[in-house]
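This report refers to the structure that appears directly beneath it.
Here the structure is a predicted model, which means the values were calculated and not measured. Residues: numbered from 1 along the sequence shown. Atoms considered below: every heavy atom in the structure, side chains included; atoms not considered: hydrogens, waters and symmetry mates.
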Amino acid sequence: MRRDGVLGIPAPFLTDAGVVKGLPGTITLLRDARYQDDEILRWLFTPDDSLPGTPIDALRGNRGREVKRRAQAMGF
């Protein structure tokens, strides 16, 4: 993601151990569904009552399966 021409990574994408578990696979699923980077970011940070919370919060909370199911369903 670029902001004012500077490439950056949103802080919620990272943990002390590295990249949030399940995030790369979720991004791949969304890209396969033809989502653009800005759409992927918007989706990850948009509250979803069925999770509850945002998809990135669910990934950080080790609920990756739920997030990936939703990402897969969006492709169809």
Result block: side-chain N/O donor-acceptor pairs under 3.5 angstrom for residues 7-22, not counting sequence neighbours:
unit_1	atom_1	unit_2	atom_2	d
T15	OG1	A17	N	3.2
T15	OG1	G18	N	3.3
T15	OG1	G18	O	3.2

Checklist entry - With sequence neighbours left out, which residue pairs that include part of residues 49-58 fulfil the side-chain hydrogen bond (donor to acceptor under 3.5 Å, both in side chains) condition? => result D48-S50, S50-R70, T54-D57

Checklist entry - What residues form a side chain to side chain donor-acceptor pair (under 3.5 Å) with T46, not counting sequence neighbours? => result none

Checklist entry - Excluding sequence neighbours, so at least two apart, what forms salt bridge (Lys or Arg N to Asp or Glu O under 4.0 Å) with R63? => result none

Next on the checklist: Are the side chains of L23 and I56 in contact, using a 4.5 Å heavy-atom criterion?
Outcome noted: yes

Checklist entry - For R31, which residues count as a side chain to side chain donor-acceptor pair (under 3.5 Å) partner, sequence neighbours excluded? => result D37

Next on the checklist: According to salt bridge (charged side-chain N to carboxylate O under 4.0 Å, His left out), does anything in residues 2-11 pair up with another residue at least two apart or in another chain? List the pairs.
Outcome noted: none

Next on the checklist: Applying the side-chain contact (heavy atoms from CB on, under 4.5 Å) criterion to Y35, which one of L30, L41, I27 satisfies it?
Outcome noted: L30

Item to check | Shared hydrophobic cluster for L44 and L29 (ILVMFWY, side-chain gaps under 4.5 Å) | outcome: no

Item to check | Nearest non-hydrogen partners of E39 and R34, listed with the distance | outcome: OE1-O, 4.1 Å

